[in-house]
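See below for the structure under consideration.
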Amino acid sequence: MLTPAPSATKPDPQDLLAWYDRHRRELPWRARAGETADPYRVWLSEIMLQQTTVAAVKPFYLNFLERFPTVEALAGAPAEAVMQAWAGLGYYSRARNLHACAKAVVDRHGGEFPSTEPELLKLPGIGAYTAAAVAAIAFNERAAAVDGNVERVMSRVFMVEEPLPKSKPLIRSLTAELVPEDRPGDFAQAVMDLGATICTPKRPACALCPWMRPCQARATGLQEMFPKKQKKETGPLRRGAAFVVLRADDTILLRTRPPAGLLGGMAEPPTSDWLPDYEPSRAVLDAPIEARWQRLPGTVRHVFTHFPLELTVLFAKVAKGTPAPHDMRWTPRLHLHEEALPGAMKKVLVHALGDLPGAKKASDKQPAKGAAK
DNA sequence: CAACCGTGGTG
DNA sequence: TCACCAAGGTT
């Protein structure tokens, strides 16, 4: 074999760990330096952090920990309480899997999380990334946790030309070779901290990076071109109508969506189907009950992962004693904040009713939202 | 394996 | 306004 190119120096995990020891972020679920984290808290945080930012997770995590302090408490809680605590965080199948996983840990593992990657992988809601992250962070197993941050860091350091997601296996093996024997958990968190604070998607702060020297993308000035990705297309706009019914006893008509699929198991005011060619003027024909419907001006817009949605809101007042249609129920307006309402449906209710009384639960204790609306 | 599955922040 | 993205998993 000939000598490799002289510039191809291997990134040193110890350089990264030294940087981490000085710059690690303080996070509610993270143990102090030198201490081992609680597996329940690590697992809970990792599930919440799937495709979700640290800032968004923090208040939900603290609220969850207060309501469900242990895996036994979570396993023993009713599903509705779990869904309600998750409402607003998104990707609601995570909440169902979270609950199922807690039950499995209690029933099949005596309340103790398994410590190895293959065992963790068998649990619901735990995939390749989360199994490795929990094994490394909570149990100090030598596992390679590869998330979006790690993919970006490794793509740049090794200048991976193949686009994601095809390059996932390559990146996984590159990462695995770098995981140190002694501090695998710190290494995993160090790469993620690096990706979150230095090796950012745009304008990375390469001058501050402990891996600037071995970074091949940086060497050519092309760091912002990596990782290469296949672009995904967003679906066409869908339209529909939502029906907000206020009964004279100050209750609102709600229903629960089917357990699986979009917004599975979440609550909502009844709506029409959502179709690309839905015609709002026909909305009154789709109404759940007979009433004097008022079509409210404006629309509610919401963007899901794979399509945007535009809802026309119809409003009606009905007499006390009006029965709820099949599979629907009346909820006191003052108790709406106890319902598992996803963001899109909160928008609908606000559009029709104004601010939901007491609707802020845990998600409003974060800094710097803007002024009132 | 590509499609499905939320939401909020950012440039 | 808009495209992109964030500690991914399931089917």
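All chains are named by letter (A, B, ...) in the order of the sequence lines, taking the proteins before the strands, and each is independently numbered beginning at 1. Small disclaimer: the values here were computed from a predicted structure and weren't measured.
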Item checked: Euclidean distance, atom CG of residue A:L123 to atom C1' of C:dT10 [Å, nearest integer] -> 15 Å
Note to self: In whole Å, I'd like the distance from the CG atom of A:L121 to the C1' atom of C:dG9.
What the structure shows: 10 Å
Next item on the list: Give A:A128 one of three labels, base, sugar-phosphate or nothing, depending on what nucleic acid heavy atoms sit under 4.0 Å from its own.
Entry: sugar-phosphate
Note to self: Tell me whether the side-chain N/O atoms of A:H306 come closer than 4.0 Å to OP1 or OP2 in B:dA3.
What the structure shows: no
Next item on the list: State which of B:dC5, B:dG8, C:dA7 makes the closest approach to the side chain of A:E46.
Entry: C:dA7
Checklist line | Atom-pair distance (CG on A:L120; P on C:dG9), nearest Å | finding: 12 Å
Item checked: Whole-angstrom distance between C:dT11 and B:dG6, as gauged at atom P -> 14 Å
Checklist line | Under 3.5 Å side-chain donor-acceptor pair for A:T116 and A:E141 | finding: no
Notebook entry, point to check: Any idea which heavy atoms bring A:F187 and A:P13 closest together, and the distance?
Noted result: CE1-CB, 4.0 Å
Next item on the list: Would you classify A:R301 as touching base, sugar-phosphate or nothing, given that sugar-phosphate means primed atoms plus P, OP1 and OP2, and contacts are heavy atoms under 4.0 Å?
Entry: nothing
Notebook entry, point to check: What closest approach, in Å, do A:A144 and A:A176 show between heavy atoms, and which atom pair accounts for it?
Noted result: CB-CA, 3.8 Å
Next item on the list: Tell me yes or no: between the side chains of A:R183 and A:Q189, is some donor less than 3.5 Å from an acceptor?
Entry: no
Note to self: At 4.0 Å (heavy atoms only), tell me whether A:P124 reaches a base, stays on the sugar-phosphate, or touches nothing.
What the structure shows: sugar-phosphate
Next item on the list: For A:W29, answer base if it contacts any base atom (sugar-phosphate contacts may also be present), sugar-phosphate if it contacts only those atoms, and nothing otherwise; contact means non-hydrogen atoms under 4.0 Å.
Entry: base
Next item on the list: Please work out if A:S93 contacts a base, only the sugar-phosphate, or nothing of the nucleic acid, heavy-atom cut-off 4.0 Å.
Entry: nothing
Margin query: Cation-pi check for A:W330 against A:R247: NZ or CZ below 6.0 Å from the six-membered ring centre and within 45 degrees of the axis, yes or no?
Written below: yes
Margin query: Base, sugar-phosphate or nothing for A:L263? Non-hydrogen atoms, less than 4.0 Å.
Written below: sugar-phosphate
Item checked: Geometric class of the A:H335/A:H337 ring pair [parallel <30°, tilted 30-60°, perpendicular >60°] -> perpendicular
Next item on the list: Could you tell me whether the side chain of A:R41 has a donor or acceptor atom within less than 3.5 Å of a complementary atom in the base of C:dA7?
Entry: no
Notebook entry, point to check: Which part of the nucleic acid does A:A188 contact within heavy-atom distance under 4.0 Å: base, sugar-phosphate only, or nothing?
Noted result: nothing
Next item on the list: Taking only the side-chain nitrogens and oxygens of A:H302, find out if one of them lies under 4.0 Å from OP1 or OP2 of B:dT7.
Entry: yes
Next item on the list: Indicate, with a heavy-atom threshold strictly under 4.0 Å, whether A:G195 touches base, sugar-phosphate, or nothing.
Entry: nothing
Check: Nearest to the side chain of A:V54, which nucleotide is it out of C:dA7, C:dA6, B:dC5?
Finding: C:dA7
Item checked: Rounded distance in Å - CG (A:L89) to P (C:dA6) -> 17 Å
Check: With respect to the side chain of A:Y92, which nucleotide from C:dA7, B:dG6, C:dA6 is positioned closest?
Finding: B:dG6
Item checked: Comparing A:F307 and A:R203 on DNA chain B - which has the more 5′ nearest nucleotide -> A:F307
Item checked: Sugar-phosphate only, base, or nothing, as touched by A:V57 at under 4.0 Å among non-hydrogen atoms -> nothing
Next item on the list: For A:L27, answer base if it contacts any base atom (sugar-phosphate contacts may also be present), sugar-phosphate if it contacts only those atoms, and nothing otherwise; contact means non-hydrogen atoms under 4.0 Å.
Entry: base
Item checked: Candidate list A:Y61, A:F64, A:Y91, test ring pair (Phe, Tyr, Trp, His ring centres under 6.0 Å), partner A:W86, passing option -> A:F64
Checklist line | Under-3.5 Å donor-acceptor pair between A:T305 side chain and B:dG6 base | finding: yes
Next item on the list: Side chain of A:P342 only, please: which of C:dA6, B:dT7, C:dG8 is the nearest?
Entry: B:dT7
Note to self: If you only use heavy atoms from C-beta on, which nucleotide in C:dA6, B:dG6, C:dG9 is closest to the side chain of A:Y129?
What the structure shows: C:dG9
Item checked: Integer angstrom distance from the P of B:dC5 to that of C:dA7 -> 23 Å
Note to self: From CG of A:D147 over to P of C:dC5, roughly how many Å is that when rounded to an integer?
What the structure shows: 14 Å
Notebook entry, point to check: Does a side chain donor of either A:N97 or A:R94 reach within less than 3.5 Å of an acceptor in the other side chain?
Noted result: no
Notebook entry, point to check: When the distance from CZ of A:R94 to C1' of C:dA6 is rounded to whole Å, what number comes out?
Noted result: 10 Å
Could you list, one pair per line, each protein nitrogen or oxygen that sits under 3.5 Å from a nitrogen or oxygen of nucleotides 1-4 of chain C, together with the distance?
none

Check: Given atom CD of A:Q50 and atom P of C:dT10, what is their separation to the nearest angstrom?
Finding: 8 Å
Note to self: For a quick test of reading the model: is some side-chain N or O of A:R152 closer than 4.0 Å to OP1 or OP2 of C:dC5?
What the structure shows: no
Check: If you check the A:T130 side chain, which of B:dC5, C:dG8, C:dA7 turns out closest?
Finding: C:dG8
Notebook entry, point to check: Does NZ or CZ of A:R239 fall inside the cone over A:Y278's six-membered ring, less than 6.0 Å from its centre and within 45° of the axis?
Noted result: no
Next item on the list: Measure from NZ on A:K347 to P on B:dG8 and round the result to the nearest Å.
Entry: 7 Å
Check: Between A:K320 and A:D249, is there a salt bridge with N-O shorter than 4.0 Å?
Finding: no
Note to self: What's the closest nucleotide to the side chain of A:R30 if the choices are C:dA7, B:dT7, C:dA6?
What the structure shows: C:dA7
